[in-house]
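So the structure is just underneath, and the comments pick up after that.
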Amino acid sequence: MASFATFLICFTVINLAFAKAKVYMVLMEDEPTFSPSNKQKYHRVGNDYIVYKEKISNNHTIFLESHLQQGSYTKLYSYTHLLNGFAVHVTSEEVLATLRNATGVRLIHEDVKIEKLTTHTPDFLGISTHVWPRLGGAESSGEGVVIGFVDTGINPDHPSFMTSSSSRFLNSTKFKGKCTSGEQFPSTACNGKIVGAQYFARGAMANGEFNATRDVPSPYDADGHGSHTASIAAGINNVSVIVNGFDYGTASGMAPGARIAVYKAIYAFGGYMSDVVAAVDQAVEDGVDILSLSAGPSSVPSGDSAFLNVLELQLLFAIKAGVLVVQAAGNGGPFSSSVISFSPWITSVAASITDRRYNNTILLGNGQSYSGSGISPPTEGEINYQVAAAADVCMRNATSITIDSCQNPEPFIRPLAYGKLIICTYTFEYEYESASIAAVADTMKQIGAAGFIITLDPNFGSAVIKGTMVTLQIPAIILNDMQASSALWEYYNSNTVRDMRGQAIIFAAKARILDGRQAIYTGQAPVVASYSSRGPDVQNALMQTADVLKPNVMAPGSSIWAAWSPDSDGDKYIKGQNFALISGTSMATPHIAGIAALIKQRHPKWGPDAITSAMMTTADRTDHLGAPILAESLNELTEATPFDFGAGSINASQAIKPGLIFNATFKHYVEFLCAVPGLDREAVKRAVGVSCPAKGKFKCSDLNTASVTISNLVGKRKVIRYVKNVSDKDKYTIHIKEPLGVNVTVAPETFKIKRRGSRRLRLLFQATETTNAYTFGEMVLKGKLHTVRVPLAVYVASASSS
Ligand SMILES: *[C@@H]1O[C@H](CO)[C@@H](O)[C@H](O)[C@H]1NC(C)=O
Ligand SMILES: *[C@@H]1O[C@H](CO)[C@@H](O)[C@H](O)[C@H]1NC(C)=O
Ligand SMILES: *[C@@H]1O[C@H](CO)[C@@H](O)[C@H](O)[C@H]1NC(C)=O
Ligand SMILES: *[C@@H]1O[C@H](CO)[C@@H](O)[C@H](O)[C@H]1NC(C)=O
Ligand SMILES: *[C@@H]1O[C@H](CO)[C@@H](O)[C@H](O)[C@H]1NC(C)=O
Ligand SMILES: *[C@@H]1O[C@H](CO)[C@@H](O)[C@H](O)[C@H]1NC(C)=O
Ligand SMILES: *[C@@H]1O[C@H](CO)[C@@H](O)[C@H](O)[C@H]1NC(C)=O
Ligand SMILES: *[C@@H]1O[C@H](CO)[C@@H](O)[C@H](O)[C@H]1NC(C)=O
Ligand SMILES: *[C@@H]1O[C@H](CO)[C@@H](O)[C@H](O)[C@H]1NC(C)=O
Ligand SMILES: *[C@@H]1O[C@H](CO)[C@@H](O)[C@H](O)[C@H]1NC(C)=O
Ligand SMILES: *[C@@H]1O[C@H](CO)[C@@H](O)[C@H](O)[C@H]1NC(C)=O
């Protein structure tokens, strides 16, 4: 997971790298091969297409040659499909001034650092029981759909990516991606399950961060993250998860029959936008149906440049090409306005905690027992072991903080610590990730301890212990409860005999630890994970948040078992394992990409708008027990709002039959951009290549999404929505749950629509009191067969319209 600390480290690195030379992405006035005015004339096939693509690329070369001095630059990429532009590595600021001045340039953006936003889940989501059977069984669920992953590559030897004989060849005339073989990635790696694999590293190289030994110049996943995400979305069914010799059950992707196309552009250190843009361009040109992006910018551009940055623009064109883009909301929660995925044409995914818990128990010699976490084997035999506080088996001259956190073996007196259960303390160092539970396990193994116990420090107060969900090879329990911690210390202190100097001489406290590797399925779920980034959306140029609901939808993201690259350096504590248990909105995103593939298989003609609408309007607002879904915030649980989970928690069985959908296309997104307060309409035209419609009544809140957000309600606002019929005979009645401080009326209140027909709904939001805060409500369209839910979020800036 990204933390504030790593964020700061990233920044230092960029500045150092940029002191010498910079990478810029330059977009040109000319049309790309896939463009609004080309009307798909050159759509990915035929000689004309190839010739046009060559022409664009040559034009970039000629352009650079005619404007810049030889040797002062290197062209890294020509972008030709969704964008007409290039990435260039330049050695001086003067070069930039020249490019800015040149005719034919649409816009120039400096390269941006990108971060990674670091299984039982199909059952939890009801997919294996309610969706796969309807799609012809697990193996064919997702068949014919290609998901593109812009990530850290893939481990082609993993069992999750094996092919069965029936799925060997992709039955698609649309997808035409290629496979680049290379180091640790033989040409046989593209086996029918993996249908394309390429890598993009020129930006990372130019920025001085690519290390060929560590990062591997081939589609091979030298990190683990990309294999993890790909297997969550499209890993084959029923793969045994065996780690350190223990069988943790089986794992499966959401769409076991979907195909995987790999576009490696992210590395252990993160990545650069210039590479990501090249990857997306290629993926859409190749013909993927869905793009899964478990990465995002390390900070969000604000004001004018938010919606018009190169990647957002490119993703808008991807939507125009019919490709659904699913992106991680970010790991900046629980703080508000922390989403890093913010454009209305993208599906931004929040992360939840599921009902799977790993729980361990310690039995004390006095008959007491306490539970905590610790995914570890039990202590050997049904016998008790002596317990010793770290400080009592360490050299006296060591500083207490390094002893208590048990991060390294040096201070331990080995003969004294050997064979005992060592008590360590959760210190501040863990909060800042300079200490970890995995490192404690390492220490304990080295000193020959029987196991370890981590207790909370009463001086520190109740903390949410970080990093407890690691699989450990040595018995361990983490007492993440102050009472249990105190009880353990009390037992230890009253059974330890000390000499006059206070040194422990007899260790009579005893205990044993049970097996913590068995999952239990219990408790409230789903719950919004604390790290999951929250809305409201980014600010527009007038410093108001945009009228867009973010995130869009939530999926499981915490403690997800999925594929890994055993010899990767992504995380030294997972090194050597074939599976990893990790968390993040990175993990939630491919759940949605996989479910989107199931919807696409069922409804091949549906575009990104219909699929997103289907997932949003059918999402669950209540948990397994029927209670409102809760959200983890700082040390407490609160009722979740749409800024935590968007429309709610994904419900796959409902999402494949939504009844009605909210439709929107490229044209409508341009209309949205033209209406963003403070955004220059000329700048929009330059960026998207088409003119804004004449100024009309259209407001951003009129963009036809399956949600309504009004960030600055003064008096009243009319909002228009269209719903399209995608189902059987039904009649809908609309119910409104009003946000506090607002009177909402809708017309019509009941309606029928024709087959594939659409209906215009007119909503009127009237402020009744000034809230100066967001309040939330819901519009529910209730039919006999379907219930269509639409979240409402309103900020009343003033109740009177003056
Ligand atoms: C190449 O550049 C020329 C001159 O600037 C322009 O007229 C032409 O449209 C460009 N062709 C493409 C394919 O971009
Ligand atoms: C930019 O263009 C103007 C006029 O076309 C010219 O006077 C100026 O020298 C140019 N600047 C650079 C840096 O090329
Ligand atoms: C999905 O919706 C159905 C029907 O409302 C419900 O029975 C089920 O519990 C919901 N949740 C999941 C995860 O399937
Ligand atoms: C492949 O597609 C063709 C035409 O769409 C269809 O007739 C055939 O049954 C498909 N084969 C498989 C194995 O799905
Ligand atoms: C590149 O990575 C390898 C393996 O991780 C490491 O040994 C080496 O020091 C790295 N080189 C640089 C220049 O960082
Ligand atoms: C899953 O795999 C196990 C063996 O690993 C096998 O016993 C079981 O029948 C399989 N289940 C399904 C549904 O294929
Ligand atoms: C852990 O498991 C034990 C025994 O099954 C149970 O009593 C305890 O409540 C569980 N603790 C948690 C935190 O789930
Ligand atoms: C602590 O004392 C031991 C010997 O008793 C010595 O080897 C070690 O270097 C000392 N460490 C520090 C940090 O002074
Ligand atoms: C939605 O579909 C209807 C019917 O096809 C169409 O009239 C409308 O323009 C589309 N888009 C929007 C935003 O309403
Ligand atoms: C909301 O507004 C409508 C129309 O203006 C009005 O008829 C209705 O009484 C209002 N409802 C409330 C609760 O104020
Ligand atoms: C949607 O179309 C179907 C099929 O033509 C029709 O029977 C049904 O009444 C329509 N839906 C609604 C809500 O009227």
Side-chain angles (χ1 to χ4, degrees), residues 13 16-17 152 183-184 201 204-205 207-217 220-224 267-269 319-320 344-345 548 565 567-572 575 605-614 617 658 660-675 693 696-708 713 715-726 734-749 751 753-769 775 777 779 790 792 794 796 799-801:
V13 175
L16 284 178
T152 63
E183 215 176 300
Q184 301 189 64
M205 287 173 187
N207 279 298
E209 285 203 62
F210 187 84
N211 173 339
T213 317
R214 180 193 61 196
D215 300 320
V216 185
Y220 175 74
D221 182 7
D223 178 78
Y267 300 87
F269 64 84
I319 297 293
K320 180 167 196 304
W345 45 89
V548 174
S565 271
D567 58 354
S568 81
D569 281 329
D571 181 331
K572 70 173 178 166
K575 201 173 165 72
K605 295 239 166 72
W606 283 14
D609 54 339
I611 297 174
T612 302
S613 172
T617 59
L660 300 172
I661 54 135
F662 291 80
N663 60 323
T665 58
F666 178 76
K667 181 179 135 219
H668 303 113
Y669 295 122
V670 172
E671 238 177 322
F672 166 89
L673 287 172
C674 295
K697 279 182 275 174
F698 186 92
K699 289 202 159 60
C700 287
S701 49
D702 289 325
L703 180 66
N704 203 33
T705 57
S707 62
V708 178
L713 180 62
K716 62 185 173 194
R717 170 95 56 99
K718 190 180 82 180
V719 172
I720 301 298
R721 285 291 179 273
Y722 293 88
V723 285
K724 228 170 157 163
N725 178 15
V726 293
I734 303 182
H735 305 268
I736 304 254
K737 194 177 146 234
E738 293 173 334
L740 187 76
V742 189
N743 175 346
V744 185
T745 48
V746 62
E749 286 176 332
F751 64 88
I753 44 181
K754 290 202 190 70
R755 182 175 164 78
R756 295 206 196 96
S758 79
R759 264 286 176 183
R760 184 173 185 268
L761 307 178
R762 184 178 170 281
L763 289 105
L764 185 65
F765 290 76
Q766 280 177 286
T768 54
E769 64 179 277
T775 56
M779 171 168 77
V790 179
L792 312 175
V794 182
V796 182
S800 63
S801 27

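Order of listing sets the numbers, starting from 1, for every ligand and every atom in it. Everything numeric here is computed off the predicted structure, so don't read it as measured data.
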Which of the numbered atoms in ligand 9 are below 4.0 angstrom from a heavy atom of [X]?
{"X": "Tyr722", "value": "12 (C), 14 (O)"}
{"X": "Lys724", "value": "2 (O), 5 (O)"}
{"X": "His668", "value": "11 (N), 12 (C), 13 (C)"}

Look only at the side chain of [X] and the backbone of [Y], and say whether a donor-acceptor pair between them is shorter than 3.5 Å.
{"X": "Arg214", "Y": "Ala268", "value": "no"}
{"X": "Arg717", "Y": "Ser701", "value": "no"}
{"X": "Ser613", "Y": "Ile661", "value": "no"}
{"X": "Asn704", "Y": "Ala664", "value": "no"}
{"X": "Glu738", "Y": "Val744", "value": "yes"}
{"X": "Thr775", "Y": "Pro739", "value": "no"}

Closest protein heavy atom to [atom], given as residue, atom name and distance to 0.1 Å:
{"atom": "atom 2 (O) of ligand 5", "result": "Asn211 ND2, 2.3 Å"}
{"atom": "atom 1 (C) of ligand 9", "result": "Asn663 ND2, 1.5 Å"}
{"atom": "atom 5 (O) of ligand 10", "result": "Gln766 OE1, 3.4 Å"}

Is the closest protein non-hydrogen atom to atom 14 (O) of ligand 5 under 4.0 Å?
yes

Could you check whether atom 9 (O) of ligand 5 has a protein contact, counting only heavy atoms that fall below 4.0 angstrom?
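Within 4.0 Å: no protein heavy atom nearby.
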
For atom 4 (C) of ligand 9, which of Ala664, Ala610, Ser758 has the closest heavy atom?
Ser758

Would Tyr267 and Phe210 satisfy ring pair (Phe, Tyr, Trp, His ring centres under 6.0 Å), going step by step from the backbone distance to the final call?
CA-CA 8 Å; Tyr267 300 87; Phe210 187 84; 5.3 Å; yes

If we count only N and O atoms by modelled type, under 3.5 Å, do the side chains of Asp221 and Thr152 hold a donor and an acceptor together?
yes

Using a cut-off of 6.0 Å, state whether more than 12 heavy atoms not belonging to Glu749 lie near its atom CD.
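No, because the 6.0 Å sphere around CD of Glu749 holds 12 heavy atoms or fewer from other groups.
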
For Arg214, take its heavy atoms, then give the atoms of ligand 5 lying under 4.0 Å from any of them.
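Near Arg214, meaning under 4.0 Å from one of its heavy atoms, ligand 5 has 2 (O), 5 (O).
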
What I want to know is whether Asn743 and ligand 10 share at least one N or O pair that is separated by under 3.5 angstrom.
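By distance alone, the answer is yes.
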
Backbone or side chain, does any N or O of Thr213 fall under 3.5 Å from an N or O of ligand 5?
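For ligand 5, there is no N or O atom that lies under 3.5 Å from one belonging to Thr213.
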
Short version for Asn704: what comes under 4.0 Å of ligand 9, heavy atoms counted, is side chain

